[in-house]
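Reading through the structure tokens given below for one structure.
Just the heavy atoms: all of them, side chains too, but no hydrogens, waters or symmetry mates, feed the values below. A, B, ... follow the sequence lines: proteins, then strands. Residue 1 opens every chain.
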Amino acid sequence: MKIATWNVNSIRTRKDQVWQWLQTNEIDILCLQETKVIDKDFPRSGFEELGYNIYIYGQKAYNGVAIFSKTPLDAVHFGFSDILNTEPSQNFDEQKRVLTGIINGIAIVNLYVPNGSSIDSDKYNYKLNWLNHLKDYLKLLLTQTEKICICGDFNIALEDIDIHNPKGRENHIMASDAERQALQSILELGFKDGFRKFTPEGGHFSWWDYRQASFRRNTGWRIDTHYLTLPLHEVASSSIIDKTPRTWEQPSDHTPVILTVEMP
DNA sequence: ATGGCCGTAACCTACGGA
């Protein structure tokens, strides 16, 4: 089973590229982030013709997540509060960033983690609080299944080798200590990076800034990936970053990451 | 150098992104 994640930076602008990519890659489950569209305007039709069941959780202009699945999902949970009933300090579901699908006893958690803007901003604190809430959500999910794949745009480069140039990273959004610790604390629930099972060295990135010819110079960051509980990590057989869509005209600033797991 | 580039909303500019 191939599970892909792709921050498309607007599904309406990128729909032809996503369609083209799905034509040439046999993807069972595609998790999209930053769809940037309300549900009634989501461009479903071409993808349904490819045989996908479409699950969407969007809002106007910002954020938005979606899951395409060749096999219908057994259950879908929209946002944190759909299953996490504890009262959060703030309503984290105002921003549409979490969509979970259950298939064959596996929970696929599609995430668009807040960017955080800069480390001295209110958005940075929101990001840290959001990650803390995500940890509670995953703790609950772990009581329901031992097979969880969390994937998406984490907006955090966990290690220095995930950044083209880690100099000054302590004060940089996506690489500060508090963000890394918040994510590390989540991973300590029992998750391992699928991509790192096969590729231990640095220099592999999933996002390149639109400015400064970053893609041509390969000055990127690896912030999109899959984190797997051990029963899934053990059966993962490959993970690759497909840079091809980033070479196309008018691309997303992110490129897709594919994880393959061998199902019994 | 607090920007560059891109998408959205909505209106010729602001915002959010990373």
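Going from atom CZ of A:Arg216 over to atom P of B:dG4 covers 19 Å, rounded to whole Å. Between A:Tyr210 atom OH and B:dG16 atom P the separation is 18 Å, expressed in whole Å. Going from atom CD1 of A:Ile11 over to atom C1' of B:dG7 covers 13 Å, rounded to whole Å. With rounding to whole Å, A:Gln95 atom CD is found 11 Å from B:dG16 atom C1'. At whole-Å resolution of the value, CD in A:Glu34 and C1' in B:dC5 are 14 Å apart. The CG-C1' distance, from A:Asn63 to B:dG16, rounds to 9 Å in whole Å. What separates CH2 of A:Trp207 from P of B:dG17 is a distance of 13 Å, to the nearest Å. Between the NE2 atom of A:His254 and the P atom of B:dG7 there is a distance of 13 Å, given to the nearest Å.
Closest contact between the side chain of A:Gln212 and the listed nucleotides B:dT8, B:dA18, B:dG4 involves B:dG4. When distances are taken from the side chain of A:Ala61 to each of B:dC5, B:dA9, B:dC15, the shortest belongs to B:dA9.
When heavy atoms are screened at a 4.0 angstrom cut-off, A:Asn115 is found touching base atoms of the nucleic acid. The residue A:Arg97 sits close only to the backbone: its heavy atoms come under 4.0 Å of sugar-phosphate atoms, none of a base. Using a 4.0 Å heavy-atom cutoff across all strands shown, A:Phe215 reaches no nucleic acid atom at all. Nucleic acid contact for A:Asp120: none, since no nucleic acid atom lies under 4.0 Å from a heavy atom of the residue.
Annotation: A:Trp221 is in aromatic contact with A:His172 [ring centroid separation under 6.0 Å]. No close placement of the A:His226 and A:Phe195 rings is indicated, their centers lying 6.0 Å or farther apart. Centroid-to-centroid, the aromatic rings of A:Tyr227 and A:Phe154 come within less than 6.0 Å.
To the nearest whole angstrom, the two C1' atoms, one in B:dA1 and one in B:dC12, are 26 Å apart. Comparing the same atom, P, in B:dC11 and in B:dT2 gives a spacing of 29 Å after rounding to whole Å. Comparing B:dA10 with B:dC15, their C1' atoms are spaced 12 Å from each other, to the whole Å.
Checking side-chain atoms of A:Asp93 against main-chain N and O of A:Ser81 turns up a donor-acceptor pair under 3.5 Å.
Heavy-atom distances to DNA chain B give each of A:Met174 and A:Lys36 a nearest nucleotide, and the one nearer the 5′ end belongs to A:Lys36. Nearest-nucleotide positions on DNA chain B place A:Thr13 closer to the 5' end than the other of A:Thr13 and A:His172.
The side chain of A:Arg211 contributes no N or O atom lying less than 4.0 Å from OP1 or OP2 of B:dT2. Between A:Gln250 and B:dG7 there is a side-chain N or O to OP1 or OP2 distance below 4.0 Å. Look at A:Ser10 and you'll find a side-chain N or O under 4.0 angstrom from OP1 or OP2 of B:dT8. OP1 or OP2 of B:dG16 has at least one side-chain nitrogen or oxygen of A:Lys123 nearer than 4.0 Å. Applying the 4.0 Å criterion to OP1 and OP2 of B:dC6, one finds that A:Arg14 has every side-chain N and O outside that range. Not one side-chain nitrogen or oxygen of A:Tyr126 sits closer than 4.0 Å to the OP1 or OP2 atom of B:dG16. Dashed line: the shortest gap from a side-chain N or O of A:Asn9 to OP1 or OP2 of B:dC5 is not under 4.0 Å.
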Show your reasoning for whether ring pair (Phe, Tyr, Trp, His ring centres under 6.0 Å) applies to A:Phe80 and A:Trp130. CA-CA 10 Å; A:Phe80 289 121; A:Trp130 191 95; 5.2 Å; yes
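The heavy-atom pair separating A:Leu141 from A:Ala107 by the smallest distance is CD2-CB, 4.0 Å.
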